[in-house]
S.K.: 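Dumping the structure here so I can ask a few things about it.
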Amino acid sequence: MFDRTLELQSEVEAVFAGDECAENRKSASTLVKCLAQAAKKTLIDFKDSIVKEPPKNTSTDGDVHPLTSYVGNYIKYLMDYLSSLKLIFQESSNGDGTKSGLVSEISGIIHAVETNLDVKAKQYKDHALGILFLMNNINYIVRSIRSSEAKDLVGDDWIQRRRRTVQQHATQYKRVAWGKVLDCLSAQGLTSSVGSATEGIAGSVGSIGSHSSTTSTSVIKARFKSFNKQFEEVCQTQMNWAIPDNELRDNLILAVAEILLPAYRSFLKRFGPLVENSHHASKYMKYTPEALEQTLGNLFAKKIPQ
């Protein structure tokens with residue numbers, strides 16, 4: 001309506017020329033301004049509806065929320081009317097400037113979504129899943145903006161800041177989701193016991209069966225058992241979580257592998273010899289590093305395309 005009314009302005013000026021038709025021309029000009037204001041109010045109302053969107057119905061797998069995808073598509077659709085939007089904000093900006101007014105509205109809409117997502121993320125009982133939810137949704141917003149003309153409006157700095165936010169969420173996820181697993185591979189509290197056991201291994205057969213050796217081996221077995229339990233629980237749970245962006249999924253799994261596998265190899269090399277010759281050693285040393293890596297590949301499998 002705004003476009004068509006604006007296009008007719010020249011015809012209105014021609015048809016209603018002269019002083020006696022000044023009111024007609026003024027009415028036509030006022031109509032254009034009213035339509036611009038109405039269009040602007042539509043965006044303001046849309047932003048307000050996002051803010052008021054209740055923090056319910058978060059997905060059980062941390063997937064992109066329908067609100068996020070709707071807003072992302074909405075902004076893409078708006079860009080089909082970019083030239084009109086610039087004129088609209090020029091008409092209704094009261095001297096604020098075309099670009100700054102439009103950017104402010106789009107940035108405000110995105111900020112409203114991000115604020116709403118923060119509230120939604122807190123609904124998750126599993127903190128790691130809440131972090132994954134934020135990572136997925138902010139990543140979706142970034143991809144939506146980058147794939148539309150909106151990227152030129154918000155600017156590269158804005159995009160880079162949001163990409164860093166996605167990376168921060170990924171880093172936080174690794175710490176929260178895998179911290180307990182990695183703690184099992186720490187040598188803290190094992191050094192002195194292992195030292196006694198090592199001396200026993202180097203000594204006589206009687207020394208191997210000594211109390212210090214038996215104690216240290218049981219501690220190592222318990223640590224392997226704890227690692228297996230923690231690792232399996234995390235993997236079993238997170239198989240059902242979602243990362244719909246395949247590139248993001250692959251990068252996150254790789255990042256987990258890069259911290260987990262070296263720690264496991266080091267632990268296996270240092271303490272494995274104390275267990276490998278004991279009864280039911282495979283019960284404790286269940287995984288090779290290669291098996292761990294393969295199992296990690298099943299994370300977030302719920303959304304893998306078939």
Side-chain angles (χ1 to χ4, degrees), residues 2-3 36 39-40 42-51 53 62-121 130-175 242-256 258 300 303:
F2 173 83
D3 285 348
K40 185 177 182 182
T42 300
L43 292 182
I44 294 172
D45 290 344
F46 181 57
K47 179 174 63 178
D48 290 342
S49 70
I50 294 170
V51 173
E53 224 269 332
D63 202 355
V64 173
H65 195 275
L67 174 67
T68 306
S69 57
Y70 183 83
V71 172
N73 292 330
Y74 188 97
I75 292 174
K76 282 184 179 180
Y77 185 68
L78 278 179
M79 293 303 101
D80 292 339
Y81 301 90
L82 184 56
S83 59
S84 300
L85 284 168
K86 289 180 177 180
L87 289 173
I88 285 170
F89 279 89
Q90 185 177 33
E91 290 288 339
S92 58
S93 64
N94 295 322
D96 292 339
T98 302
K99 185 175 180 180
S100 61
L102 180 55
V103 170
S104 177
E105 289 301 329
I106 292 177
S107 297
I109 288 172
I110 297 171
H111 178 69
V113 177
E114 292 172 334
T115 301
N116 191 283
L117 291 172
D118 285 337
V119 176
K120 283 178 165 55
I131 296 168
L132 196 80
F133 170 80
L134 287 174
M135 183 190 72
N136 279 330
N137 282 268
I138 300 302
N139 182 67
Y140 185 92
I141 292 171
V142 172
R143 289 177 63 89
S144 295
I145 296 298
R146 289 181 65 191
S147 63
S148 74
E149 289 184 70
K151 67 179 183 297
D152 297 323
L153 288 176
V154 299
D156 190 59
D157 286 346
W158 184 94
I159 292 173
Q160 293 305 320
R161 285 198 303 273
R162 293 313 188 279
R163 292 184 70 179
R164 285 194 294 271
T165 299
V166 172
Q167 186 57 50
Q168 287 166 2
H169 287 315
T171 300
Q172 190 180 12
Y173 155 81
K174 287 186 294 182
R175 178 178 57 80
I243 300 182
D245 185 326
N246 286 333
E247 182 181 359
L248 184 62
R249 174 185 180 270
D250 292 343
N251 287 340
L252 191 61
I253 290 176
L254 179 61
V256 171
E258 286 177 342
F300 323 119
K303 292 293 181 179

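Here, residue 1 is the first one in the sequence, and each next residue gets the next number. Being a predicted model, the structure only gives us computed values, none of them experimental.
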S.K.: Which pair of heavy atoms, one from Val64 and one from Asn136, lies closest together, and at what distance?
M.R.: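 Heavy-atom minimum between the residues: CG2-O, 3.8 Å.
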S.K.: Kindly give the heavy-atom pair with the smallest separation between Ile131 and His169, and that separation in Å.
M.R.: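 So the minimum-distance heavy-atom pair works out to CG2-O, 3.1 Å.
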S.K.: Judged by atom type as modelled, is there a donor-acceptor pair below 3.5 Å linking the side chain of Asn139 to the main-chain atoms of Leu248?
M.R.: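 No: the side chain of Asn139 does not pair with the backbone of Leu248.
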S.K.: Supply the atom-to-atom distance Leu117 CG to Leu67 CG, rounded to the nearest 0.5 angstrom.
M.R.: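 With rounding to 0.5 Å, CG (Leu117) is 6.5 Å from CG (Leu67).
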S.K.: Which atom names give the shortest non-hydrogen contact between Ile243 and Arg249, and what distance separates them?
M.R.: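 Result for this residue pair: CG2-N, 3.6 Å.
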S.K.: Kindly assign one of parallel, tilted or perpendicular to the pair Tyr81 and Tyr77, based on the angle between their ring planes and the thresholds 30° and 60°.
M.R.: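 Perpendicular, since the angle between the ring planes exceeds 60°.
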S.K.: Would you say Glu105 and Ile44 make side-chain contact, with heavy atoms under 4.5 Å?
M.R.: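 Yes. Closest side-chain heavy atoms under 4.5 Å.
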S.K.: Working to the nearest 0.5 angstrom, can you tell me the gap between Leu43 CG and Leu85 CG?
M.R.: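 Rounded to the nearest 0.5 Å, the CG-CG separation comes to 6.5 Å.
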S.K.: Do the ring planes of Tyr74 and Phe46 sit parallel (below 30°), tilted (30 to 60°) or perpendicular (above 60°)?
M.R.: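 The rings of Tyr74 and Phe46 lie parallel, inter-plane angle below 30°.
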S.K.: Going from CD1 on Ile75 to CD1 on Ile145, what distance comes out if it is rounded to the nearest 0.5 angstrom?
M.R.: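 Those atoms lie 4.0 Å apart.
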S.K.: Can you list the steps and then say if Thr165 with Val142 is a side-chain contact (heavy atoms from CB on, under 4.5 Å)?
M.R.: CA-CA 10 Å; Thr165 299; Val142 172; over 6 Å; no
S.K.: Rounded at 0.5 Å granularity, tell me how far CG in Asp156 sits from CZ in Arg161.
M.R.: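 The distance works out to 10.0 Å.
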S.K.: Is Trp158 close to Val103 at the side-chain level, that is, under 4.5 Å between some pair of heavy atoms?
M.R.: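 Not touching, per the 4.5 Å side-chain cut-off.
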S.K.: Does a side-chain heavy-atom distance below 4.5 Å link Ile110 with Val71?
M.R.: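 SC-SC contact between Ile110 and Val71 ruled out.
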S.K.: I'd like to know if the side chain of Asp63 and the backbone of Ala242 have a donor-acceptor N/O pair within less than 3.5 Å.
M.R.: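 No; judged by distance alone, with no hydrogens or angles, the pair does not exist.
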S.K.: Heavy-atom distance under 4.5 Å between the side chains of Asp152 and Met79, does that happen here?
M.R.: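 Answer no - side chains too far apart.
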S.K.: Restricting to non-hydrogen atoms, name the atom on Arg143 and the atom on Asp245 that form the minimum distance, rounded to 0.1 Å.
M.R.: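 Closest pair (atom of Arg143, atom of Asp245, distance): CD-OD2, 3.0 Å.
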S.K.: Just wondering, do Val256 and Tyr173 contact through their side chains at under 4.5 Å, heavy atoms?
M.R.: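 In contact.
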S.K.: Find the distance between NZ (Lys120) and CG (Leu134) and round it off to the nearest 0.5 Å.
M.R.: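 Rounded to the nearest 0.5 Å, the NZ-CG separation comes out at 11.5 Å.
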S.K.: Looking at every heavy atom in both Tyr140 and Ser69, which two are closest together, and how far apart are they?
M.R.: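 Smallest heavy-atom distance, with atoms named: CE2-CA, 3.4 Å.
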S.K.: Looking at every heavy atom in both Ser144 and Lys76, which two are closest together, and how far apart are they?
M.R.: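 For Ser144 versus Lys76, the nearest heavy atoms are O-CE, 3.6 Å.
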S.K.: Look only at the side chain of Asp3 and the backbone of Ser84, and say whether a donor-acceptor pair between them is shorter than 3.5 Å.
M.R.: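 Looks like no, no N/O pair under 3.5 Å.
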S.K.: Let me see the working for Asn116 and Val51 under side-chain contact (heavy atoms from CB on, under 4.5 Å), right down to the final yes or no.
M.R.: CA-CA 6 Å; Asn116 191 283; Val51 173; over 6 Å; no
S.K.: With rounding to the nearest 0.5 angstrom, report the OG to NE2 distance, Ser104 to His111.
M.R.: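 Rounded to the nearest 0.5 Å, the OG-NE2 separation comes out at 11.0 Å.
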